[in-house]
A.B. asks: 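Next up is a structure, given as structure tokens.
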Amino acid sequence: MPTLKELSANRSFGGWHKQYEFHSQALNGKTRFAIFLPPEADAGKPVPVLYWLSGLTCTDENFMQKAGAHRIAAELGIAIVAPDTSPRGEQVANADQYDLGQGAGFYLDATEAPWAEHYRMETFVTEELISMVEAQFPVTDQRAIAGHSMGGHGALVLSLRHPGRYCSVSAFSPICNPAAAPWGIGAFTAYLGEDRSRWNPHDASELMKAATSDQYCPTLVSLGLSDAFLSEQLHPEKLAQAAEKSGYPLTLEQHPGYDHSYYFVATFIEQHLRFHGEMLNS
């Protein structure tokens, strides 16, 4: 089990927001994550966990500082864990563009050089991070997963690829069909190679279209109709069509006037947390 180095600790709504660094075997280097522990956990009572995946250019800090999630998480007795969005460091491959490389891991395990040496975000999020959190903090094995934009893509895909690992999933403004979106095409080509048949297993719409009942996970997706990326990058209609075809338990909400920002996330985070709280505590 890795040794955690505490970077910061702040009281918040009767609980604690803490930030840690440790050496990740999956990422082959140091990484960072943030955790909010509600008052019950501070008192030693194990609580369920929501894993939050952030979007392009973000770190573990964006959600914890901007979403306003601590108050409701404290009320519901839910811990929140937010990893970084990619491996980082001088030895880690990078690109001269914001949507590839550091800050843009896309929550998959890369197979292509030079990315494969460090970019193993799927293994990190679904295996190493869970094992470490459940071993070192007062939490249960009841888990939910959520995210925003690239992180929304990650939450949807990881829940579909790992049935039974999470009891609920939600996403704000997710990249729903990355194999047909510029962000996804660029990342998949770099990380997985040019063979498009290798992309579909990391595309939420393709996975949901073929999902069987053993993969079903209650899913809430929220999008803003004034999102500048809606038509070119997000393609929520593809996700809706996929869910209709397979009978997947998807609730997709579209909100007039809202954009892609954390103002949107902060507005509807309480709804998402209560959705997860109902599943986690049932």
A.B. asks: Would you name the heavy atoms of Asp60 and Ala34 that are closest together and state the gap between them?
C.D. replies: OD2-CB, 3.6 Å
A.B. asks: More than 12 non-hydrogen atoms from neighbouring residues, nucleotides or ligands closer than 6.0 Å to CD on Glu278, yes or no?
C.D. replies: no
A.B. asks: Looking only at non-hydrogen atoms, find the nearest pair between Gly105 and Ser86 and report the distance.
C.D. replies: N-CB, 3.8 Å
A.B. asks: Do the non-hydrogen side-chain atoms of Met132 and Phe22 ever get within less than 4.5 Å of each other?
C.D. replies: yes
A.B. asks: When you look at Tyr20 and Phe137, which way does the ring pair (Phe, Tyr, Trp, His ring centres under 6.0 Å) test go after all the steps?
C.D. replies: CA-CA 12 Å; Tyr20 292 93; Phe137 295 94; 5.5 Å; yes
A.B. asks: Please find the pair of heavy atoms, one from Ile269 and one from Ala67, that lie closest to each other, and give the distance.
C.D. replies: CG2-O, 3.3 Å
A.B. asks: Could you check if a side-chain atom of Met279 sits within less than 4.5 angstrom of a side-chain atom of Cys167, using non-hydrogen atoms only?
C.D. replies: yes
A.B. asks: Please lay out, stage by stage, how Phe63 and His148 fare under the test ring pair (Phe, Tyr, Trp, His ring centres under 6.0 Å).
C.D. replies: CA-CA 9 Å; Phe63 177 79; His148 171 238; 9.5 Å; no
A.B. asks: Please report the interatomic distance CG(Asp99) to CE(Met150), rounded to the nearest 0.5 Å.
C.D. replies: 10.0 Å
A.B. asks: Would you indicate whether the side-chain heavy atoms of Pro48 and Val139 approach each other to under 4.5 Å?
C.D. replies: no
A.B. asks: Is the count of non-hydrogen atoms from other residues, nucleotides or ligands lying under 6.0 Å from Glu244 atom CD greater than 12?
C.D. replies: no
A.B. asks: Pairs in or reaching into residues 206-228: which pass ring pair (Phe, Tyr, Trp, His ring centres under 6.0 Å), with residues at least two apart or in two chains?
C.D. replies: Tyr216-Tyr248
A.B. asks: Where do Asp42 and Arg11 land on the salt bridge (charged side-chain N to carboxylate O under 4.0 Å, His left out) test, with the steps shown first?
C.D. replies: CA-CA 11 Å; Asp42 192 28; Arg11 268 293 192 184; 3.1 Å; yes
A.B. asks: Tell me, do Ile145 and His276 make a side-chain contact under 4.5 Å, heavy atoms counted?
C.D. replies: no
A.B. asks: Check whether any side-chain N or O of Thr31 sits under 3.5 Å from a backbone N or O of Leu27 as a donor-acceptor pair, and report yes or no.
C.D. replies: no
A.B. asks: Give a yes-or-no answer on whether the side chains of His235 and Gln233 include a donor-acceptor pair shorter than 3.5 Å.
C.D. replies: no
A.B. asks: According to salt bridge (charged side-chain N to carboxylate O under 4.0 Å, His left out), who are the partners of Asp227, at least two apart in sequence or on a separate chain?
C.D. replies: none
A.B. asks: Thr219 and side chain to side chain contact (heavy atoms under 4.5 Å, CB included): which partner among Leu252, Leu160, Leu156?
C.D. replies: Leu156
A.B. asks: Ignoring hydrogens and geometry, is there a side-chain-to-backbone donor-acceptor pair from Gln102 to Gly89 under 3.5 Å?
C.D. replies: yes
A.B. asks: Counting only pairs under 3.5 Å, give me each side-chain donor-acceptor contact of residues 122-129, with atom names and distances, residues two or more places apart or in other chains.
C.D. replies:
{"from": "Glu122", "atom 1": "OE1", "to": "Arg161", "atom 2": "NE", "distance (Å)": "3.3"}
{"from": "Glu122", "atom 1": "OE1", "to": "Arg161", "atom 2": "NH2", "distance (Å)": "3.3"}
{"from": "Glu122", "atom 1": "OE2", "to": "Arg161", "atom 2": "NE", "distance (Å)": "2.8"}
{"from": "Glu122", "atom 1": "OE2", "to": "Arg161", "atom 2": "NH2", "distance (Å)": "3.4"}
{"from": "Glu122", "atom 1": "OE2", "to": "His162", "atom 2": "NE2", "distance (Å)": "2.7"}
{"from": "Thr123", "atom 1": "OG1", "to": "Asp109", "atom 2": "OD2", "distance (Å)": "2.5"}
{"from": "Thr123", "atom 1": "OG1", "to": "Arg120", "atom 2": "NH2", "distance (Å)": "3.4"}
{"from": "Thr126", "atom 1": "OG1", "to": "Glu122", "atom 2": "O", "distance (Å)": "2.7"}
{"from": "Glu128", "atom 1": "OE1", "to": "Ser24", "atom 2": "OG", "distance (Å)": "2.6"}
{"from": "Glu128", "atom 1": "OE1", "to": "Ala26", "atom 2": "N", "distance (Å)": "3.2"}
{"from": "Glu128", "atom 1": "OE2", "to": "Gln25", "atom 2": "N", "distance (Å)": "2.8"}

A.B. asks: Are Leu158 and Leu192 connected in a single hydrophobic cluster, I mean Ile/Leu/Val/Met/Phe/Trp/Tyr linked by side-chain heavy atoms less than 4.5 Å apart?
C.D. replies: yes
A.B. asks: How are the rings of Trp115 and Tyr119 set relative to one another: parallel (under 30°), tilted (30 to 60°) or perpendicular (over 60°)?
C.D. replies: perpendicular
A.B. asks: If you look only at distance, which donor and acceptor atoms sit under 3.5 Å apart when one is on a side chain in residues 69-77 and the other is two or more places apart or in another chain?
C.D. replies:
{"from": "His70", "atom 1": "ND1", "to": "Ser12", "atom 2": "OG", "distance (Å)": "2.8"}
{"from": "Glu75", "atom 1": "OE1", "to": "Arg274", "atom 2": "NH2", "distance (Å)": "3.1"}
{"from": "Glu75", "atom 1": "OE2", "to": "Arg274", "atom 2": "NH1", "distance (Å)": "3.0"}
{"from": "Glu75", "atom 1": "OE2", "to": "Arg274", "atom 2": "NH2", "distance (Å)": "3.0"}

A.B. asks: Output the distance between atom CZ (Arg196) and atom CZ (Phe188), rounded to the nearest 0.5 Å.
C.D. replies: 10.5 Å
A.B. asks: If you apply the rule side-chain contact (heavy atoms from CB on, under 4.5 Å), what do you find for Val49 with Val47, and how did you get there?
C.D. replies: CA-CA 7 Å; Val49 184; Val47 296; 5.6 Å; no
A.B. asks: Would you check if the side chain of Arg143 reaches a backbone N or O of Arg165 as a donor-acceptor pair within less than 3.5 Å?
C.D. replies: yes
A.B. asks: Any donor-acceptor pair under 3.5 Å linking the side chain of Thr189 with the backbone of Glu194?
C.D. replies: no
A.B. asks: Using 0.5 Å steps for rounding, measure from the CD atom of Glu6 to the CG atom of Leu4.
C.D. replies: 9.5 Å
A.B. asks: Go through Arg32 and Asp84 one step at a time and tell me if the salt bridge (charged side-chain N to carboxylate O under 4.0 Å, His left out) criterion holds.
C.D. replies: CA-CA 6 Å; Arg32 197 174 72 184; Asp84 202 348; 5.3 Å; no
A.B. asks: Counting only heavy atoms from other residues, nucleotides and ligands, does the tally under 6.0 Å from NZ of Lys238 exceed 12?
C.D. replies: no
A.B. asks: Can you say whether the rings of Phe229 and Trp183 are parallel (under 30°), tilted (30 to 60°) or perpendicular (over 60°)?
C.D. replies: tilted
A.B. asks: Minimum heavy-atom separation for Ala243 and Leu250, please, with both atom names.
C.D. replies: CB-CD2, 3.6 Å
A.B. asks: Is any side-chain heavy atom of Pro218 closer than 4.5 Å to one of Val169?
C.D. replies: no
A.B. asks: May I ask you to check whether His153 and Tyr107 place their ring centres under 6.0 Å from each other?
C.D. replies: no
A.B. asks: When rounded to the nearest 0.5 angstrom, what distance separates NZ in Lys18 from OG in Ser8?
C.D. replies: 10.0 Å
A.B. asks: Could you tell me whether a side-chain N or O of Thr140 sits under 3.5 Å from a main-chain N or O of Gln142, the two making a donor and an acceptor?
C.D. replies: yes
A.B. asks: Could you report the tightest heavy-atom contact between Gly29 and Gln91, atom names first, then the distance?
C.D. replies: CA-NE2, 4.4 Å
A.B. asks: In chain order, what residues pass the side-chain contact (heavy atoms from CB on, under 4.5 Å) check against Ala187, with sequence neighbours excluded?
C.D. replies: Phe106, Tyr191
A.B. asks: Among side-chain atoms of Gln19 and Glu61, is any donor-acceptor pair under 3.5 angstrom?
C.D. replies: yes
A.B. asks: Yes or no on side-chain contact (heavy atoms from CB on, under 4.5 Å) for Glu90 and Val92, after CA distance, side-chain angles and deciding distance?
C.D. replies: CA-CA 6 Å; Glu90 292 183 2; Val92 176; over 6 Å; no
A.B. asks: Report yes if the side chains of Ile35 and His17 come closer than 4.5 Å at any heavy-atom pair, otherwise no.
C.D. replies: no
A.B. asks: Where is the tightest heavy-atom contact between Ile78 and Gly277, given as atom of each residue plus distance?
C.D. replies: CD1-CA, 3.7 Å
A.B. asks: Over 60° means perpendicular and under 30° means parallel, so tell me whether Phe172 and Trp52 are parallel, tilted or perpendicular.
C.D. replies: tilted
A.B. asks: Is the backbone N or O of Thr59 less than 3.5 Å from a side-chain atom of Asn62, with the two atoms forming a donor-acceptor pair by type?
C.D. replies: yes
A.B. asks: Kindly list each side-chain donor-acceptor pair under 3.5 angstrom involving residues 201-211, sequence neighbours excluded, with atom names and distances?
C.D. replies:
{"from": "Asp203", "atom 1": "OD1", "to": "Asn177", "atom 2": "ND2", "distance (Å)": "3.2"}
{"from": "Asp203", "atom 1": "OD1", "to": "Ser205", "atom 2": "N", "distance (Å)": "3.0"}
{"from": "Asp203", "atom 1": "OD1", "to": "Glu206", "atom 2": "N", "distance (Å)": "3.2"}
{"from": "Asp203", "atom 1": "OD2", "to": "Asn177", "atom 2": "ND2", "distance (Å)": "2.8"}
{"from": "Asp203", "atom 1": "OD2", "to": "Ala179", "atom 2": "N", "distance (Å)": "2.9"}
{"from": "Ser205", "atom 1": "OG", "to": "Cys176", "atom 2": "O", "distance (Å)": "2.7"}
{"from": "Ser205", "atom 1": "OG", "to": "Leu239", "atom 2": "N", "distance (Å)": "3.4"}

A.B. asks: Verify whether the ring centers belonging to Tyr258 and Tyr263 lie closer than 6.0 Å.
C.D. replies: no
